[in-house]
Amino acid sequence: MRQGSWIQTMKDRRPNILFIMSDDHAAHAMSCYGSRVNQTPNIDRIAKEGVRFENCFCTNAICAPSRAVILTGKYNHLSGVRTLTEHFDSRQQTFPKLLQQNGYQTAIVGKWHLGHGGNSDPSGFDYWNVLVGQGFYFDPKMVEMGEEKVFPGYASDVITDLSLDWLAQRDKDRPFMLMCHHKAPHRPWQPDELHAHMYEDVDLPEPGTLFDDYATRAEAAREAKMRMEHLNAKDLKVDVPQGMTKEEETSWRYQRYIKDYLRCVASVDDNVGRLLDYLDAEGLTEDTIVIYTSDQGFFLGDHGWFDKRFMYEESLRMPFVVRYPREMEAGGVNRDMLLNLDFAPTFLDYAGVEAPSDMQGASLRPVFAGKTPDDWRTSMYYRYWMHCDNDHNIYSHYGIRTERHKLIYYYGEALGAPGARDLPKAPEWELFDLEADPYELNNVYASPDHQDEVRALTEELAQLQAHFGDEPVHK
Ligand code: CA
């Protein structure tokens, strides 16, 4: 046998990557993150056999923009999806393309949410089968390699079934990268029959900030339309009982909302277990990096809200648990600051592919291995573009989070971004000391005691913005 052909037939020992991502699953709805409201034994298993990351943040807490950042390793002003209305241009460089070009088998099953047709279909995948738009919970319509089909069943089960089917037919001599991306637990939180009766006879604990009055905070917080009273008939699924006080109704709405949300989470967790079981049965556990995350966090009644979008902790924080027995200690907890920007260069690093210089994140491989570089980031830049969108009315803002502080600037303009409304608002600032005020109830921006921090953080925000090639709205 000639040496060349021998090399070609040698087994490729680079790790497999199983990248499980759900939609809108907040860390505080996972028992490994100390949830007060539910149990997620299968996701916990990844954390127990791997590492739980306490401070993984998204650069824009909304679905499509976060997904574009993950694929490209670039902020939204460069990856071209600043809002839900902008479609992804799949001709640009993405990590799946680079993995595919470098010998990986690649697939995405489930949520894509970056547009269809034209240049927006998934690209860089040997196999793709994605929900149309947001997708339905029941009998979802999906586009399989360009062909639209209905898949009978419950979305979380269907997406896992199709993921397992693809794994079963793969070439076992080459590594794979599979994105199993769930629709759940996205609004309108429709559980399957198996989980429909969970929590039926209990009242779940309310978050301490359910009745937040937004005193001290920017107008943006008061004007946001994602309080319990903004849950609609489709969200609630039953009529609101008559005769309750306003406060009682808020509590009632919270119970309706959180229970359906957690029922959807329970199905995702079961399906994570099915994938882990498959890896065990196939002897792939040691050689496969398993990640469970969500495209951003979510408000679970926190500050009186559902949804995300704000730079506040509950939506900024992505759950992020990773298992890779070959390079990671079991049961670790890590507090380094990670970003969704880092995922693409991380996957490329494991594949032995050099990250292109225009990717803006850093490989997490040393962090996963417990060898975080000394010069690792201690602050992050965030930007939400979809100013005063029709449904939620969140004001556009950008800001900086350090280990201790968060400075937010509500610049309050649409700037022509599709999906943003041209309703200019007076600019406002917020500053939080996360150590003294972890729930961000006390905006100290105007406090004389905090002007040193205001100055330093404003300067650092400008530096980050320049570093990432973004521009201040007001100079
Ligand atoms: Ca989402």
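Here, residue 1 is the first one in the sequence, and each next residue gets the next number. These values consider heavy atoms only, across backbone and side chains, with no hydrogens, waters or symmetry-generated copies. We count ligands from 1, going down the list as the structure has it; atoms in each ligand are counted the same way.
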Next item on the list: Angle at the Ca ion (ligand 1): provide the value between OD2 of D295 and OE1 of Q296, rounding to 10 degrees.
Entry: 90°
Next item on the list: Kindly confirm whether the Ca ion (ligand 1) is within less than 3.0 Å of some N/O/S atom in C63?
Entry: yes
Next item on the list: Considering just N/O/S atoms, say which atom of D23 is closest to the Ca ion (ligand 1).
Entry: OD1
Margin query: Report the atom name of the nearest N/O/S atom of D24 relative to the Ca ion (ligand 1).
Written below: OD1
Next item on the list: Answer yes if the side chains of Y395 and E219 hold a donor-acceptor pair under 3.5 Å, and no otherwise.
Entry: yes
Check: Would N55 and D336 count as having a side-chain donor-acceptor pair, cut-off 3.5 Å?
Finding: no
Next item on the list: Check whether any side-chain heavy atom of Q190 sits under 4.5 Å from a side-chain heavy atom of D260, and report yes or no.
Entry: no
Note to self: So that I can tick it off, tell me whether K111 and D24 are bridged by a salt bridge, with the cut-off set at under 4.0 angstrom between side-chain N and carboxylate O.
What the structure shows: no
